[in-house]
Amino acid sequence: MRILYFAWLRQKTGIAEETVSPPETVRDVAGLIAWLAVQSPGHADAFAQARQVRAAVNQEFARPGDPVAPGDEVAFFPPVTGG
Amino acid sequence: MRILYFAWLRQKTGIAEETVSPPETVRDVAGLIAWLAVQSPGHADAFAQARQVRAAVNQEFARPGDPVAPGDEVAFFPPVTGG
Amino acid sequence: MEPRIRVQEEPFDAAAEMAALSEGRTDVGGLASFIGLCRADDGLAALVLEHYPGMTERAIGRIVAEAVERWPLTGCTVIHRVGRIRPGEGIVLVLAASAHRAAALESCGFLIDWLKTRAPFWKREEFADGDDRWVEARDTDDAAAARWDAPRP
Amino acid sequence: MEPRIRVQEEPFDAAAEMAALSEGRTDVGGLASFIGLCRADDGLAALVLEHYPGMTERAIGRIVAEAVERWPLTGCTVIHRVGRIRPGEGIVLVLAASAHRAAALESCGFLIDWLKTRAPFWKREEFADGDDRWVEARDTDDAAAARWDAPRP
């Protein structure tokens with residue numbers, strides 16, 4: 001599973017992209033966040049403000065209950081501020 | 001009193017501008033229209049579709065009951081279609 | 001903020017007018033524009049726009065003043081052409097600039113809606129076959145203008 | 001109607017883009033545009049825009065497709081810059097052309113409102129004193145975007 005981080009989530013994790021293999025118990029976005037958040041102090045910091053974290057699965061905005069599976073591209077970022 | 005005609009009111013009266021001296025009984029826009037309408041067949045034609053005639057007194061949009069007085073500039077025209 | 005208002009026969013240069021409201025400035029966050037153009041519907045050969053010199057400038061000035069009172073604008077431009085206009089040419093240009101996008105967009109919409117119903121212009125259509133007719137005012141334009149009658153919430 | 005969508009580092013040429021939607025055509029009655037510009041508030045030295053390559057183009061494409069479905073557009077252009085943007089420079093350009101002005105104006109407002117809330121861009125502010133901070137999303141932007149959620153009456 002390919003994970004991307006943008007904006008301050010990229011800065012806090014210290015990485016723009018990583019490939020991970022979460023256990024089978026990780027089935028949705030919320031579960032993936034819970035698992036990623038304990039991978040390093042940087043990850044913990046990035047996911048600490050849970051309400052400020054948004055996700056996309058395979059380049060579509062996703063909600064905490066949306067499923068994730070091996071092979072997915074999952075991105076985490078703050079609320080968008082373009083325009 | 002200076003009278004201006006625009007668009008099809010100008011075409012129907014055959015004049016763009018005229019100076020008139022209506023009797024003292026002509027005190028408002030509606031009274032002026034009634035008096036002008038009998039001045040010539042062209043005037044009658046121009047004012048025949050009363051609901052399609054708009055007026056301005058001294059370059060401000062005016063309603064039938066708005067006063068007119070000697071020295072005023074009064075214009076008649078169809079509903080505006082700019083923009 | 002000095003509004004730029006012009007009634008003219010010549011075509012306008014939208015790009016130059018937009019630059020005039022934004023170039024060299026760092027207080028403009030949004031620049032909204034609307035250009036009304038002459039379409040060639042039903043074999044139209046030209047539009048001929050007549051206006052009421054004197055009252056026109058006054059009416060546009062009042063509409064712009066209303067916009068300036070309602071929205072915090074950093075710039076505002078209204079150019080309306082008169083005379084003969086060919087299909088594909090611009091008829092009217094409205095620009096509104098503000099620190100914030102909502103003010104720019106809303107005031108731009110307000111300006112064109114009120115211009116269409118409160119400024120003394122009349123359009124005559126000339127057709128390729130020699131026919132011509134005066135354009136009739138449309139209820140939809142009155143409705144669009146009426147949206148702005150009530151004070152904003 | 002082929003929408004023109006671009007995500008680029010270089011400044012855009014609004015005049016050229018507007019001409020591309022109107023020149024040589026006689027079916028365009030209204031051309032609405034919105035340009036979002038970088039202000040120099042509070043000593044801002046530059047904005048740095050980050051995005052999600054791939055998803056960005058997809059998200060903008062979807063927003064434009066929604067506009068095309070809702071309004072009868074003859075043309076539509078969205079250009080969003082990324083990278084470092086200085087005060088006074090354009091950030092985003094939205095153009096909407098239609099036979100009718102309401103469609104052009106409404107769809108232009110819709111496009112910028114949804115772009116601000118549904119396309120994966122993030123702004124970082126760099127200040128003259130060396131400070132920097134990520135811009136936070138604003139409730140007013142969400143509210144503006146939500147206006148378009150319900151089907152139009």
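These numbers come from a predicted model, not from an experiment. Chain letters run A, B, ... following the sequence lines, proteins first and then strands; every chain starts at 1.
Neither the backbone nor the side chain of B:Q52 comes within contact range of chain C; no heavy atoms are under 4.5 Å apart. Only the side chain of B:A56 comes within contact range of chain C, with heavy atoms under 4.5 Å apart. For a residue to count as touching a neighbouring chain, one of its non-hydrogen atoms must lie under 4.5 Å from one of that chain's; by this rule B:R10 touches chain C with the side chain only.
The side chain to side chain donor-acceptor pair (under 3.5 Å) check on B:D45 picks up nothing, with sequence neighbours excluded. Applying the salt bridge (charged side-chain N to carboxylate O under 4.0 Å, His left out) criterion to C:E17, with sequence neighbours excluded, gives C:R4, C:R6.
Between chain C and the residues B:R54, B:Q11, B:E73, the largest count of heavy-atom pairs under 4.5 Å involves B:Q11.
Between the side chain of C:H80 and the main chain of B:G82, no donor-acceptor pair closer than 3.5 Å is present.
Looking only at side-chain heavy atoms (C-beta outward), B:E60 and C:R58 come within less than 4.5 Å of each other.
When the heavy atoms of residues 108-139 of chain C are compared with those of chain B, the residues falling under 4.5 Å are C:I112, C:K116, C:T117, C:R118, C:A119, C:P120, C:F121, C:W122, C:K123, C:R124, C:W134, C:V135, C:E136, C:A137, listed by number.
Atoms CZ and CE, from B:F6 and C:M55 in turn, are 9.0 Å apart once rounded to the nearest 0.5 Å. Note that CZ of B:F61 is 10.0 Å distant from CZ of C:R62, once rounded to the nearest 0.5 Å. Summarising the geometry, atom OG1 belonging to B:T81 is positioned 9.0 Å from atom CG belonging to C:D141; distances are rounded to the nearest 0.5 Å.
Among residue pairs with one or both ends in residues 24-34 of chain B, none qualify as side-chain hydrogen bond (donor to acceptor under 3.5 Å, both in side chains); sequence neighbours excluded.
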